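Computed from a prediction, not measured in an experiment: that's the story for all the values here.
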Amino acid sequence: MTMLPRFIQISTLTTYPASLLNRDDSGLSKRIPFGGVSRTRVSSQCLKRHWRMADGLWSLQNVDKDIATSIRSRRLFPEKIEQPLIEKEGLDAEKVVAASQALQSELYGEKGTAAAAQKKKTAKDDTDAPNPSIDAQLGAGRSELVVLGHPEIQFLSKIVREMASVGGSAADVKKKTGEWFKKHKKDFQALKCGAGLDAAMFGRFISGDTDARVSAAVHVAHAFTVHAEESETDYFTAVDDLNNSGSAHINAAELTSGIFYNYIVVDVPQLVSNIEGCPSKQWQTAQRDVAGRLVKHLLHLIATVTPGAKLGSTAPYARPWFVMAEAGESQPRTLADAFYLPVPLRGDMRAQALRQLEDYVGKSDEMYGSEERRWIASMYDVNIPRGENSSLDRMGENLERAVVSLEL
């Protein structure tokens with residue numbers, strides 16, 4: 001029977017020593033209770049941020065030269081649209097701001113602009129302004145994060161330029177911009193992958209415009225330790241080189257260690273739809289080359305990019321010693337329950353984690369059956385049912401080929 005790679009599931013096991021991968025608001029390592037014990041945790045937001053910002057061969061920027069990533073900022077309109085038009089093109093600042101603010105109101109609603117305008121009056125925003133001389137002429141940012149791809153920024157800049165160049169007052173410009181938007185709202189949606197590759201992967205939420213929202217095609221679970229948390233308070237000092245009386249700073253920070261299970265799902269129809277602009281039901285007839293390369297890059301990012309705070313003092317650079325990719329048509333399922341009973345804090349914990357994983361996958365297959373194709377890259381012996389031994393490179397190539405050719 002022929003299967004389609006509708007869903008790709010990626011599971012990893014990674015060991016981190018003496019690290020603080022993801023902190024909470026009190027500076028402590030994030031945690032989650034599971035199976036009756038507290039586990040160290042890394043949030044999905046932290047993981048996605050690092051994958052999105054990573055540089056190098058497998059970065060998102062290198063997936064396709066014609067499709068860029070997005071920009072995320074509360075001050076995106078003032079700094080990426082208004083400022084260039086005022087400084088570089090010499091357009092009237094008042095009219096530029098009027099057109100820009102009108103577009104923001106139409107796209108996202110009035111509330112965000114009003115809240116941001118109030119916040120802009122605070123001393124902090126004035127201090128944080130990257131260019132105080134021009135900042136006084138710019139409009140308010142947003143109180144919420146704005147996510148726009150470069151094509152969208154160029155498209156909106158073009159509209160602001162046209163609106164600001166017409167005659168009349170700033171009030172006239174604002175009115176004309178609102179009228180234009182009502183007639184051409186669909187143009188904003190017509191941009192192919194206008195939101196950027198990262199938004200095509202992780203989604204985009206816009207409170208004022210449901211049509212401009214992008215559903216996430218990559219679903220990322222919070223990583224957690226397969227055993228009970230292991231932590232230590234690290235007492236440290238900073239010595240004053242010019243003062244022999246002792247240290248100039250004394251403090252303490254929490255460090256943790258552990259084996260982390262991570263789980264990611266790629267909804268291939270949704271990914272193709274987000275990239276190509278087609279309905280997700282038509283993903284099989286759409287172009288899938290970019291989606292295939294993106295899945296391969298994502299696999300390498302998951303395996304080679306480290307999340308982490310305190311990089312300079314802990315160097316938490318680790319790579320998974322177990323990676324399993326599954327592709328098939330069935331609804332995804334996490335393997336987290338394999339570690340509901342925590343791995344004992346003794347002996348070879350890596351071997352025990354693999355034994356629990358083998359046992360869980362085997363029992364899951366017996367109960368539900370399984371037709372997914374599985375590829376496994378592991379540094380240690382593991383016997384997952386129907387798992388094909390692979391290197392990470394071959395795994396990435398197989399996943400790309402499955403998306404592009406629709407064959408498993």
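With respect to the salt-bridge test (charged N to carboxylate O, under 4.0 angstrom), the residues Lys182 and Glu106 qualify. Taking the charged nitrogens against the carboxylate oxygens, Glu179 and Lys183 have no contact shorter than 4.0 Å, which rules out a salt bridge. Ion pairing between Glu358 and Arg355 holds under the 4.0 Å rule for side-chain N and carboxylate O. Contact check on Glu326 versus Arg333 returns a salt bridge, with a Lys/Arg side-chain nitrogen under 4.0 Å from an Asp/Glu carboxylate oxygen. Between Asp359 and Lys363 a salt bridge is recorded (basic side-chain N to carboxylate O distance below 4.0 Å). Checked for salt-bridge contact, Glu254 and Arg31 meet the test: a charged N lies under 4.0 Å from a carboxylate O.
Leu60 places none of its side-chain heavy atoms less than 4.5 Å from the side chain of Leu298. With a 4.5 Å cut-off on side-chain heavy atoms, Arg374 and Val361 count as touching.
At distances below 3.5 Å, not a single donor-acceptor pair connects side-chain atoms of Asn22 with backbone N or O atoms of Val42. Between the side chain of His227 and the main chain of Ile259, a donor-acceptor pair closer than 3.5 Å is present.
The aromatic rings of Tyr340 and Phe34 lie perpendicular to each other, with more than 60° between the two planes, well past the 30° mark. Ring geometry for Phe339 versus Tyr261: interplanar angle of 30 to 60°, hence tilted.
Between Ser273 and Pro279, the closest heavy-atom pair is OG-C, 4.0 Å.
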